[in-house]
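Remarks on the structure that follows.
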Amino acid sequence: QVQLVESGGGLVQAGGSLRLSCAASGRTFSSHAMGWFRQAPGKEREFVAAITWDGELHYTGSVQGRFTISRDKAKNTVILQMNSLKPEDTAVYYCAAKNGRVVSTPSYYPYWGQGTQVTVSS
């Protein structure tokens, strides 16, 4: 059974940092793109960042320069380091995986975690 389990969410003040982790089990994702999406109340799920199997990085414009995605293939883990957080970053953050290259459309990702809440206070 494939599982993606996120951790590291929480409450932080604006300007602070959080580190999200996604641990994958049930299969190896070494050939997959792994990414992070987020969904705020009343809004659609949106792409945040992703990394391909060969290390190519992708970010949405609003997090460029503040968030960093990385992966440890040996541990089947992907990390999202979030710095300079803003209240508009508040959302449930989801880890996702797909075979092949990165796309920003959530429906192309067959594997999802349960989500972790990130709340940034002003």
Side-chain angles (χ1 to χ4, degrees):
Q1 182 181 358
V2 174
Q3 275 194 315
L4 298 178
V5 179
E6 303 98 335
S7 60
L11 173 64
V12 65
Q13 288 188 333
S17 298
L18 282 174
R19 180 181 171 94
L20 304 184
S21 179
C22 173
S25 63
R27 64 165 296 162
T28 179
F29 286 90
S30 60
S31 62
H32 283 57
M34 296 191 71
W36 290 93
F37 291 76
R38 65 187 180 188
Q39 188 166 16
K43 295 188 176 182
E44 293 188 352
R45 192 168 297 189
E46 65 172 357
F47 174 81
V48 176
I51 183 168
T52 63
W53 67 272
D54 55 355
E56 183 178 300
L57 306 178
H58 297 258
Y59 298 97
T60 192
S62 62
V63 308
Q64 187 83 38
R66 301 188 297 121
F67 292 10
T68 302
I69 188 170
S70 60
R71 72 189 295 173
D72 185 332
K73 286 185 180 180
K75 295 181 179 180
N76 238 5
T77 299
V78 63
I79 302 294
L80 185 67
Q81 178 67 43
M82 305 186 296
N83 299 328
S84 302
L85 282 161
K86 305 176 180 179
E88 51 263 43
D89 295 318
T90 295
V92 177
Y93 283 70
Y94 297 90
C95 176
K98 68 175 292 291
N99 199 6
R101 312 308 293 181
V102 169
V103 295
S104 60
T105 306
S107 61
Y108 282 88
Y109 290 75
Y111 304 107
W112 289 88
Q114 81 288 350
T116 185
Q117 177 69 47
V118 170
T119 303
V120 184
S121 63
S122 57

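Any value given below was found using the heavy atoms of this structure, including those in side chains, with hydrogens, waters and symmetry copies removed.
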> From N76 CG over to H32 NE2, what is the distance, rounded to the nearest 0.5 angstrom?
Replying inline: 10.0 Å
> Is there side-chain contact between V118 and M82, with at least one heavy-atom pair below 4.5 Å?
Replying inline: yes
> Are D89 and R38 side-chain neighbours, meaning at least one heavy-atom pair lies under 4.5 Å?
Replying inline: yes
In a table with atom names and distances, give each donor-acceptor pair under 3.5 Å that connects a side chain of residues 4-19 to protein atoms at least two apart or in another chain.
{"unit_1": "E6", "atom_1": "OE1", "unit_2": "Q114", "atom_2": "N", "d": "3.0"}
{"unit_1": "E6", "atom_1": "OE1", "unit_2": "Q114", "atom_2": "NE2", "d": "3.4"}
{"unit_1": "E6", "atom_1": "OE1", "unit_2": "G115", "atom_2": "N", "d": "2.9"}
{"unit_1": "E6", "atom_1": "OE2", "unit_2": "C95", "atom_2": "N", "d": "2.8"}
{"unit_1": "E6", "atom_1": "OE2", "unit_2": "G115", "atom_2": "N", "d": "3.2"}
{"unit_1": "S17", "atom_1": "OG", "unit_2": "N83", "atom_2": "OD1", "d": "2.9"}

> With distance as the sole test, does T116 use its side chain to make a donor-acceptor pair with the main-chain N or O of Y93 at under 3.5 Å?
Replying inline: no
> Are Y59 and V78 connected, step by step, through hydrophobic side chains (Ile, Leu, Val, Met, Phe, Trp, Tyr) whose heavy atoms are closer than 4.5 Å?
Replying inline: yes
>> For E44, I'd like to know if atom CD has over 12 heavy atoms of other residues, nucleotides or ligands within 6.0 Å.
In response: no
> What is the minimum heavy-atom distance between L80 and W36, and which atoms define it?
Replying inline: CB-NE1, 3.5 Å
>> Run the side-chain contact (heavy atoms from CB on, under 4.5 Å) test on R45 and T105 for me, step by step, so that the C-alpha distance in whole Å, both residues' side-chain angles and the decisive distance to 0.1 Å come before the verdict.
In response: CA-CA 9 Å; R45 192 168 297 189; T105 306; over 6 Å; no
>> On a heavy-atom basis, which atom in A40 and which in A91 lie closest, and how many Å separate them?
In response: N-CB, 3.8 Å
>> With heavy-atom distances below 4.5 Å as the criterion, would you say the side chains of S104 and T60 are in contact?
In response: no
>> Between E88 and V120, does the side-chain contact (heavy atoms from CB on, under 4.5 Å) criterion hold? Intermediate values first, please.
In response: CA-CA 8 Å; E88 51 263 43; V120 184; over 6 Å; no
>> Distance check, rounded to the nearest 0.5 Å: S31 atom OG versus K98 atom NZ?
In response: 10.5 Å
>> Could you measure the distance from the OG1 atom of T68 to the CD1 atom of I79? Nearest 0.5 Å is fine.
In response: 11.5 Å
>> Looking at every non-hydrogen atom in both residues, tell me the closest pair between H58 and T52 and how far apart they are.
In response: NE2-CG2, 4.3 Å
>> How close do A97 and P110 get, counting heavy atoms only, and between which atoms?
In response: O-CD, 3.2 Å
> Using links of under 4.5 Å between side-chain heavy atoms of ILVMFWY residues, direct or through other members, which residues join Y94 in one cluster?
Replying inline: F37, F47, V92, V102, V103, Y108, Y109, W112
> Any idea which heavy atoms bring F67 and V48 closest together, and the distance?
Replying inline: CD2-CG1, 3.8 Å
> Please, which pairs that meet salt bridge (charged side-chain N to carboxylate O under 4.0 Å, His left out) have at least one residue in residues 71-85, sequence neighbours excluded?
Replying inline: none
